[in-house]
Number of protein chains: 2
Amino acid sequence: MLSDRQHLILQAIIENYIHSAEPVGSRTISKRPEISFSSATIRNEMSDLEDLGYLEQPHTSAGRVPSTKGYRYYVDNMIQPDLENSDDLTNWKQLFADRIFYFENAIEQTASVLTQLTNYTAVVLGPEIFEHRLKHLQIISLNETQAVAIIVTQTGRVENKRIDLPSGVSPGEMEKLVNILNTKLHDTPLWKLRQRLYQEVSVELKRHVEQYEEMLTILGKAVDGDATDRLLLKGTTKIMEQPEFQDMEKVKEILELFEHSEQLTPRFDPSRSGLQISIGQEHSLEAMKNCSIVTTSYTFNGKPVGTIGILGPTRMEYGKVIAVLDFIALGLSQMLSTHLNGDEKK
Amino acid sequence: MLSDRQHLILQAIIENYIHSAEPVGSRTISKRPEISFSSATIRNEMSDLEDLGYLEQPHTSAGRVPSTKGYRYYVDNMIQPDLENSDDLTNWKQLFADRIFYFENAIEQTASVLTQLTNYTAVVLGPEIFEHRLKHLQIISLNETQAVAIIVTQTGRVENKRIDLPSGVSPGEMEKLVNILNTKLHDTPLWKLRQRLYQEVSVELKRHVEQYEEMLTILGKAVDGDATDRLLLKGTTKIMEQPEFQDMEKVKEILELFEHSEQLTPRFDPSRSGLQISIGQEHSLEAMKNCSIVTTSYTFNGKPVGTIGILGPTRMEYGKVIAVLDFIALGLSQMLSTHLNGDEKK
DNA sequence: GTTAGCACTCACTCCTGTTGAGTGCTAAAC
DNA sequence: GTTTAGCACTCAACAGGAGTGAGTGCTAAC
């Protein structure tokens with residue numbers, strides 16, 4: 001599609017713009033060591049690239065700026081995950097090792113490390129708990145009408161949910177029910193819980209417990225997970241350091257979006273595994289039309305269970321960001337697997 | 001200390017400044033209906049007020065601006081909680097009733113309502129769980145070395161903490177211990193838990209369980225509460241709407257402080273009950289030298305258990321903010337008491 | 001096809017004059 | 001001895017205009 005020379009020039013322009021944040025002109029490009037033609041030639045090529053939609057001009061007599069299409073071409077054809085120098089990798093390893101060894105705050109620390117390494121906003125979606133297996137189920141009644149359901153997974157996560165009891169259920173019956181469930185459902189992955197509750201257990205239950213129908217409905221509710229509170233943002237103010245975000249209005253829009261982070265959750269679905277890059281207007285969020293989102297998933301026992309990502313200006317250092325994300329996702333996956341597969345280690 | 005006329009003028013200046021955010025001059029004041037002297041007289045008085053430290057001048061030939069001391073005098077001597085018009089109260093009641101009826105998200109909704117009513121950032125410290133009484137204690141071992149401690153309170157809150165087990169403790173002993181503890185400690189307020197663990201239970205335990213010493217230490221850790229994650233901020237971007245915060249640098253500092261909200265926690269200690277106002281440099285946080293914090297506490301069974309507050313520019317509408325906080329604190333207290341004292345209501 | 005040269009565009013900066021809201025001082029009026 | 005009118009002075013903010021420089025697009029020569 002693009003000639004070799006166009007490819008070369010487009011790359012030079014984008015890389016220059018990524019670091020300067022200023023529209024880049026033909027003369028600047030002609031001075032680069034890998035460029036051997038004059039500024040006039042470059043001007044002609046730039047004009048062609050603009051016609052093709054890869055570049056934009058803020059106004060006549062200004063330099064050119066990459067368009068969304070330009071960035072898309074760049075990330076698809078030009079970048080290789082880039083460890084600027086090998087010192088970086090050592091530093092990252094160090095930082096990761098220093099900060100992330102407790103399971104409890106691993107997610108939060110991961111987000112911190114990500115934002116620290118990249119200087120962009122980090123987004124982390126906590127591990128998908130549905131894959132985890134049931135260790136213990138318990139229902140504790142508080143008074144005649146209310147109770148708390150507690151679910152503990154093999155991996156030590158505790159989820160709890162308040163439920164309303166149907167009137168006329170005695171604590172004794174409740175206990176009976178829970179005892180049965182604990183034996184029957186032990187070791188079931190959480191995502192199967194609801195299904196198994198209905199298919200297998202209900203027959204058994206019917207014999208033992210009155211009003212099993214209502215209780216089942218309630219238990220069904222209790223085991224339904226909730227994804228929104230697993231999304232964590234860190235370094236939300238980093239965007240203000242970018243020269244193209246010196247306008248209060250734009251920044252405010254973005255930060256308001258961050259405050260209602262549930263709107264972002266769908267973009268971090270861990271089932272879309274592997275590296276995902278969404279540039280500028282490619283995502284429909286108006287406030288983020290000048291931002292890109294790069295995400296990848298991390299795994300537990302080979303299956304993707306959560307997502308980590310970087311949110312920055314379209315003009316972000318894609319090479320570095322991708323390298324960092326890959327590295328951290330791998331580290332996090334390894335950490336989860338050593339920690340949760342029964343091996344111990346402080 | 002201040003003459004009647006000085007009092008009147010200071011009040012006029014501050015009220016004007018609160019609404020205009022511009023340095024206020026003598027002529028502006030002289031035009032106010034309650035002021036009957038000429039601008040020249042006011043100039044003289046303003047000069048005196050500046051000497052006394054109640055006013056400041058950004059530069060010669062600019063109007064005057066209230067100093068921290070000026071605001072302090074204002075909140076101590078001039079404001080009455082102010083329901084601008086009685087419609088407001090009806091609106092607040094409506095909003096409160098519409099949004100806050102589920103216990104689970106009451107805290108979050110409270111913060112939303114606060115920020116919506118005042119247009120400033122809202123801070124809410126979740127209810128102090130230490131006053132709540134123990135309903136159920138449980139330890140679930142995950143493998144040979146790790147376990148999860150779960151504490152359920154009478155009010156249905158669930159706290160959990162991962163603990164490391166000393167090697168050589170059998171699950172059977174663990175169960176024995178938990179059974180004893182559940183009977184012994186039932187209905188103990190959480191803040192007494194650690195103490196009672198050591199004083200009363202340990203003697204009993206010594207007879208039943210091996211290695212009670214280590215286990216006690218671990219249990220002690222498990223029942224220690226953690227306050228930081230109870231602090232919730234809402235409407236953090238509101239500060240950007242204030243005309244005196246159009247400078248990116250200042251805003252960034254404040255938002256970074258918000259991101260590390262644990263630094264703010266000490267300021268919201270619910271044990272300091274009642275209305276607290278902290279103005280400008282009165283609090284030591286450099287980033288917030290142009291901000292004020294107004295807080296009050298809400299209660300459960302007559303005791304203060306949590307804090308709600310508003311964080312805005314020193315130039316905030318103190319009258320309205322105080323009225324809103326009082327109103328919401330009362331509503332929240334009532335809501336907690338009807339919901340948690342065993343009465344039911346969907 | 002490539003490049004040098006040139007006219008043209010346009011944001012940006014610096015300078016200058018003007019405006020107006022504000023002060024402080026003084027002398028007259030109350 | 002207060003209060004007020006009057007006046008000179010200060011200074012941020014705004015507007016207009018000249019100059020600068022980075023950039024383009026076009027054309028003619030290599």
Side-chain angles (χ1 to χ4, degrees), chain A residues 2-10 12-17 19-67 70 243-244 246-247 315, chain B residues 2-10 12-17 19-67 70 243-244 246-247 315:
Chain A
L2 292 187
S3 73
D4 282 359
R5 198 167 67 187
Q6 286 174 326
H7 184 101
L8 195 62
I9 290 176
L10 183 55
I13 291 173
I14 294 182
E15 276 167 12
N16 202 291
Y17 184 67
H19 289 104
S20 71
E22 302 270 285
V24 6
S26 52
R27 238 177 85 76
T28 319
I29 295 301
S30 73
K31 277 187 222 138
R32 290 192 143 226
E34 80 268 25
I35 302 286
S36 53
F37 1 90
S38 78
S39 63
T41 312
I42 294 167
R43 277 205 285 287
N44 290 330
E45 294 286 22
M46 279 165 93
S47 178
D48 291 351
L49 284 169
E50 185 174 0
D51 291 344
L52 292 169
Y54 294 98
L55 294 177
E56 281 166 0
Q57 213 171 4
H59 55 264
T60 11
S61 93
R64 302 298 210 293
V65 156
S67 66
E244 64 264 56
Q246 293 308 21
D247 178 26
R315 184 190 64 76
Chain B
L2 292 187
S3 72
D4 282 358
R5 198 166 66 186
Q6 286 173 326
H7 184 101
L8 195 62
I9 290 175
L10 183 56
I13 291 173
I14 294 182
E15 277 168 9
N16 201 291
Y17 185 67
H19 288 104
S20 72
E22 302 271 287
V24 5
S26 52
R27 238 177 85 76
T28 318
I29 296 300
S30 73
K31 277 188 222 137
R32 289 192 144 229
E34 80 270 24
I35 302 287
S36 53
F37 3 91
S38 79
S39 64
T41 311
I42 294 166
R43 277 204 286 286
N44 291 329
E45 293 286 22
M46 279 165 94
S47 178
D48 291 351
L49 284 168
E50 185 173 2
D51 290 344
L52 291 168
Y54 294 98
L55 295 177
E56 281 166 1
Q57 214 171 4
H59 55 264
T60 12
S61 94
R64 302 299 208 294
V65 155
S67 66
E244 64 266 55
Q246 293 306 35
D247 178 27
R315 185 190 63 76

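In what follows, every heavy atom counts, from backbone to side chain, and hydrogens, waters and symmetry copies are set aside. Every chain is numbered from 1 and lettered A, B, ... according to where its sequence line falls, protein lines coming before strand lines.
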Visitor: Would you say B/D4 has more than 12 foreign heavy atoms packed within less than 6.0 Å of its CG?
Guide: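 No, not enclosed.
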
Visitor: Assess whether a salt bridge exists between B/E244 and B/R315, defined as any Lys/Arg side-chain N lying under 4.0 Å from an Asp/Glu carboxylate O.
Guide: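 Yes, B/E244 and B/R315 are salt-bridged.
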
Visitor: Between the two end axes of the helix from C/dG1-D/dC30 to C/dC30-D/dG1, each built from 5 base pairs, what angle do you get to the nearest 10°?
Guide: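 One end axis against the other gives 20°.
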
Visitor: Suppose we screen for salt bridge (Lys or Arg N to Asp or Glu O under 4.0 Å). Which residues come up paired with B/R43, at least two apart in sequence or across chains?
Guide: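 For B/R43, no residue satisfies salt bridge (Lys or Arg N to Asp or Glu O under 4.0 Å) once neighbours in sequence are set aside.
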
Visitor: What is the distance from atom OG1 of A/T41 to atom CG of A/N44, rounded to the nearest 0.5 Å?
Guide: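 Answer rounded to 0.5 Å: 6.5 Å.
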
Visitor: Within the distance-only criterion (no hydrogens, no angle test), does the side chain of B/S67 pair as donor or acceptor with the backbone N or O of B/G53 below 3.5 angstrom?
Guide: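 A pair under 3.5 Å: yes.
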
Visitor: Quick one: pull up OG in A/S36 and CZ in A/R5 and give me the separation to the nearest 0.5 Å.
Guide: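 Going from OG on A/S36 over to CZ on A/R5, the span is 8.5 Å.
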
Visitor: Which nucleotide of DNA chain C is the first, and which the last, in the 5' to 3' direction, to come under 4.0 Å of a heavy atom belonging to chain A?
Guide: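 Terminal contacting nucleotides, 5' to 3': C/dT2 to C/dA11.
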
Visitor: Contact class for B/S39 vs. all strands (heavy atom < 4.0 Å): base, sugar-phosphate, or nothing?
Guide: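 No contact.
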
Visitor: So, taking the atom named OH in B/Y54 and the one named CD1 in B/I9, what distance separates them when rounded to the nearest 0.5 Å?
Guide: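 It is 14.0 Å, given to the nearest 0.5 Å.
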
Visitor: Does the side chain of B/L49 come within less than 4.5 Å of B/L2's, by heavy atoms?
Guide: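 Yes - at least one pair of side-chain heavy atoms lies under 4.5 Å apart.
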
Visitor: Could you tell me the separation between the CD atom of A/E45 and the CD atom of A/Q6, rounded to the nearest 0.5 Å?
Guide: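 Output value for this atom pair is 5.0 Å.
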
Visitor: Listing time: all N or O pairs from protein to nucleotides 14-17 of chain D that are below 3.5 Å?
Guide:
none

Visitor: Distance check, rounded to the nearest 0.5 Å: A/R64 atom CZ versus A/I14 atom CD1?
Guide: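 One finds 14.0 Å between CZ of A/R64 and CD1 of A/I14.
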
Visitor: Would you tabulate the side-chain donor-acceptor contacts of residues 28-35 of chain B under 3.5 Å, counting partners in other chains and residues two or more places apart, or write 'none'?
Guide:
residue: B/S30; atom: OG; partner: B/R27; partner atom: O; Å: 2.8
residue: B/R32; atom: NH1; partner: B/E34; partner atom: OE2; Å: 2.9

Visitor: Give, for atom CD of B/E56 and atom CD of B/E50, the distance between the pair rounded to the nearest 0.5 Å.
Guide: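 Separation between the atoms: 8.0 Å.
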
Visitor: Which parts of residues 40-65 of chain B get close to DNA chain D, meaning a heavy atom less than 4.0 angstrom away?
Guide: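 Contacting residues: B/A40, B/T41, B/R43, B/N44, B/H59, B/T60, B/S61.
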
